[in-house]
Amino acid sequence: MSADGRVLAVALHDIEPATFERCALIRDWLADLGVHRVTLLVIPARDLHPLAERSPEVTSWLLERQLAGDAIAQHGFRHVQSQRAKWPRQAFGFTQGRREEPEFLGLDVHETRRAVDAGWRVLKLAGIEPGGFVAPAYVYTPALRGMLSTRFRWWAGMLRVHARAAGVTLREPAPARVIAPAVGLGTGGGSLRRRVSPVLLRAGGLLAGETLRIDLYPGDVRYPRHMLALQRLLERSARDRKAVTYDELFAPS
């Protein structure tokens, strides 16, 4: 931790073969800014082809990044919604989801378990041990929440990062959850959202408490003005806060 306990937790979303070049570019850019710990959110099988078979290059890069100190989280299974939920839950899911599809909306308990387990197996077969889970669009159903604690050390929502519970003991001292809203560029919304995004980003950085969470997406690199606002925030935060992964949020100080 930093001298005053403040930390910076950056998450890079939507990592898959189709986005790999942009994700690798963003990761190098973060390192240049002094952000040496990042949580990488990996889509196991976007097109139903296992990651290791679809792209050994991506798999090798992820393993290298993990050895270098980054954390890896499972980001759904395909990151595609296959069943529509009833209104208004469906509308709420897409409202919350920015550019992402709420994959687990509309799935029953068995379908949810199959999707989560399949994604976990795909990563394990690639030699990757995901420490946590982030649902696409940050949309969680009761079925999804009910099973995450049996598989992962933590799971992250839009406002909080939760440690696993259900009788599984974490290393002490460790909080049950970290309250920290995720701050992002908002480049996936409409034109109004994009216009106000840099202002909201600066406000989120100023109002953040002990933990500042920043979300990045591969498509963000298309908006130089937004990336410049983010660069300023990251440069300042990297000086004042210690960069940590989500795994490290629940490790002893």
Side-chain angles (χ1 to χ4, degrees), residues 1 5-15 27 35-45 51-52 59 61-77 79 103-104 109 112-182 209-216 241-253:
M1 301 293 176
R6 298 195 302 163
V7 298
L8 169 66
V10 177
L12 179 54
H13 288 238
D14 300 353
I15 298 172
R27 183 64 192 91
V35 182
H36 300 300
R37 291 285 192 276
V38 175
T39 302
L40 307 174
L41 277 51
V42 181
I43 303 171
L51 180 66
T59 303
W61 180 78
L62 288 170
L63 292 171
E64 289 173 3
R65 292 310 320 159
Q66 196 169 37
L67 286 173
D70 286 348
I72 294 179
Q74 182 178 331
H75 198 25
F77 173 46
H79 205 300
E103 179 176 2
F104 292 91
V109 173
T112 297
R113 183 170 295 279
R114 282 199 299 269
V116 173
D117 286 349
W120 187 83
R121 285 195 300 271
V122 165
L123 295 180
K124 284 288 288 183
L125 288 172
I128 297 167
E129 180 77 45
F133 184 94
V134 179
Y138 284 130
V139 175
Y140 291 84
T141 64
L144 181 57
R145 289 191 187 94
M147 67 166 300
L148 292 179
S149 62
T150 65
R151 180 73 81 186
F152 303 97
R153 293 188 63 249
W154 57 264
W155 59 275
M158 185 173 289
L159 300 178
R160 301 174 180 87
V161 184
H162 302 259
R164 65 181 176 185
V168 181
T169 302
L170 288 165
R171 292 180 296 168
E172 298 294 340
R177 64 184 180 182
V178 173
I179 300 175
E210 184 175 285
T211 301
L212 171 59
R213 287 174 61 198
I214 295 179
D215 280 349
L216 274 167
R241 298 171 179 267
K242 180 179 180 180
V244 299
T245 66
Y246 284 24
D247 286 5
E248 293 169 321
L249 290 176
F250 299 107
S253 302

At what distance, to the nearest 0.5 angstrom, does CE of M147 lie from CZ of F133? 8.0 Å

Roughly how far, to the nearest 0.5 Å, is the OG1 atom of T245 from the CZ atom of R37? 7.5 Å

Under 4.5 Å between any side-chain heavy atoms of L62 and V42, yes or no? yes

Taking R241 for the side chain and L8 for the main chain, is one N or O donor matched with an acceptor at less than 3.5 Å? no

Describe, in one word, how the ring planes of W155 and Y140 are oriented to each other, choosing from parallel (under 30°), tilted (30 to 60°) and perpendicular (over 60°). tilted

Non-neighbouring partners of Y246 that pass ring pair (Phe, Tyr, Trp, His ring centres under 6.0 Å), sequence neighbours left out: W154

For R65, give me all partners under salt bridge (Lys or Arg N to Asp or Glu O under 4.0 Å), at least two apart in sequence or on another chain. D70

Closest heavy-atom pair, Q74 versus A115, reported as atoms and distance to 0.1 Å, is NE2-O, 4.3 Å

How close do G76 and P44 get, counting heavy atoms only, and between which atoms? O-CD, 3.3 Å

Mind listing the side-chain donor-acceptor pairs of residues 117-127 below 3.5 Å, one per line with the distance, residues two or more places apart or on another chain?
from	atom 1	to	atom 2	distance (Å)
D117	OD1	R151	NH2	2.8
K124	NZ	E129	OE1	2.7

With sequence neighbours excluded, what pairs up with A143 under the side-chain contact (heavy atoms from CB on, under 4.5 Å) test? V109, T112, T141

Using side-chain heavy atoms (C-beta onward) and a distance below 4.5 Å, is V161 in contact with T211? no

Could you report the tightest heavy-atom contact between A182 and Y138, atom names first, then the distance? CB-OH, 3.9 Å

Please round to the nearest 0.5 Å and tell me the distance separating atom OG1 of T39 and atom CG of L12. 10.0 Å

Ignoring hydrogens and angles, tell me if any N or O in the side chain of H75 forms a donor-acceptor pair with the backbone of V134 under 3.5 Å. yes

Does the side chain of I15 come within less than 4.5 Å of L41's, by heavy atoms? no

Quick one: CZ on F250 to CZ on R153, what's the gap to the nearest 0.5 Å? 8.0 Å

Separation between CD (E64) and OG1 (T59), nearest 0.5 Å, reads 11.0 Å

Please check this pair: side chain of Q66 against backbone of I72, looking for a donor-acceptor N/O pair closer than 3.5 Å. no

List in chain and number order the residues that pass side-chain contact (heavy atoms from CB on, under 4.5 Å) with L159, two or more places apart in sequence or in another chain; answer none if no residue qualifies. P181

